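For clarity, every value in this text was computed on a predicted model and none was experimentally measured. Protein chains get the first letters and strands the later ones, always in sequence-line order, with residue 1 at the start of each.
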Amino acid sequence: MDQKIMGIPEIKQCQENRYPCLFVDRIIEVDPGETARGYKNFTYNEWFFPAHFEDEPSVPGFVQVECLVQVFIMTFLSMPEYQGKKTNFAAIDHVKFRYKIEPGDRLDIVAKLVSLKRGIAKGFAESFVDGKPACSAEFVVTIPDVFDQYRPQK
Amino acid sequence: MNALEKYNQVIMECFGISDESALANLEYQGIPEWDSVGHMDLIAELEDKFDIMMDTDDIIDFSSYEKGKEILKKYSIDM
């Protein structure tokens with residue numbers, strides 16, 4: 001596995017998510033076309049904590065899923081031919097939420113690309129807080145620039 | 001299992017169809033399951049089952065159950 005650390009500038013070269021929707025702070029390992037490992041730090045200054053919830057802040061489920069998929073897409077956006085491409089969700093399956101993530105927590109995320117063919121990427125990601133399982137999910141993500149070439153013309 | 005039975009089985013499993021009589025009129029975007037992602041899953045399954053690799057033009061042209069049968073003939077799969 002390539003030992004490669006990507007900070008925000010490098011992550012932004014690979015994917016098009018931007019503030020306030022960029023939900024990965026660092027990629028600490030990536031094996032392009034195979035796996036990626038990264039993390040997201042959560043500070044109370046995140047825009048969603050005061051609303052979710054005012055008396056008991058925790059990371060909303062949709063944000064957790066977005067953190068996971070943004071590390072997942074790095075498994076193939078780290079490949080030169082896909083760098084900078086937009087991606088779309090096609091499916092999210094078997095999502096599990098096992099831990100209440102709070103301000104001050106760091107979400108460690110591990111993602112695996114199972115297959116990438118004709119612009120459809122399939123795989124999964126798992127995440128942990130202090131080694132405890134947090135959120136996990138399976139993903140099908142499309143790369144429209146590639147995928148759209150194969151759509152039947154109707 | 002002959003080629004036609006195999007073809008039918010792939011499509012029925014891909015799209016969750018239980019009634020074989022529904023296949024004849026099946027076309028891309030004719031049912032919710034046969035959307036663009038379902039289309040690529042179908043192509044991948046057919047390639048696996050018949051051990052073929054389809055050309056891009058054929059993937060694009062594969063717009064219905066009947067058209068699919070014509071296209072697979074090009075790969076020596078006779079139904």
Notebook entry, point to check: What are the two closest non-hydrogen atoms of P152(A) and F62(B), and how far apart are they?
Noted result: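 Taking every non-hydrogen atom into account, CG-O, 4.0 Å.
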
Check: Looking at R151(A) and I60(B), what are the two nearest heavy atoms and their distance?
Finding: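 It is O-CG2, 3.5 Å.
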
Note to self: Is there a side-chain contact (heavy atoms from CB on, under 4.5 Å) between I59(B) and Q149(A)? Walk through the geometry before answering.
What the structure shows: CA-CA 9 Å; I59(B) 295 170; Q149(A) 296 171 38; over 6 Å; no

Hphob cluster co-occupancy, [X] + [Y], side-chain heavy atoms under 4.5 angstrom:
{"X": "Y99(A)", "Y": "F124(A)", "value": "no"}
{"X": "V110(A)", "Y": "V114(A)", "value": "no"}
{"X": "L107(A)", "Y": "W47(A)", "value": "yes"}
{"X": "V95(A)", "Y": "L68(A)", "value": "yes"}
{"X": "Y19(A)", "Y": "F49(A)", "value": "no"}

Checklist line | Greatest number of heavy atom pairs closer than 4.5 Å to chain A - which of D35(B), T56(B), D61(B) | finding: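 Heavy-atom pairs under 4.5 Å are most numerous for T56(B).
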
Measuring from atom [atom1] of [X] to atom [atom2] of [Y], what distance do you get when rounded to the nearest 0.5 angstrom?
{"X": "K117(A)", "Y": "E47(B)", "atom1": "NZ", "atom2": "CD", "result": "4.0 Å"}
{"X": "D57(B)", "Y": "Y150(A)", "atom1": "CG", "atom2": "OH", "result": "10.5 Å"}
{"X": "S36(B)", "Y": "N88(A)", "atom1": "OG", "atom2": "CG", "result": "9.5 Å"}

Notebook entry, point to check: Would you find more than 12 non-hydrogen atoms of other residues, nucleotides or ligands less than 6.0 Å from E81(A) atom CD?
Noted result: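 Buried by this count: over 12 neighbours within 6.0 Å.
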
Next item on the list: Given salt bridge (Lys or Arg N to Asp or Glu O under 4.0 Å), test D41(B) with K122(A) step by step and report yes or no.
Entry: CA-CA 11 Å; D41(B) 282 345; K122(A) 296 184 181 181; 2.9 Å; yes

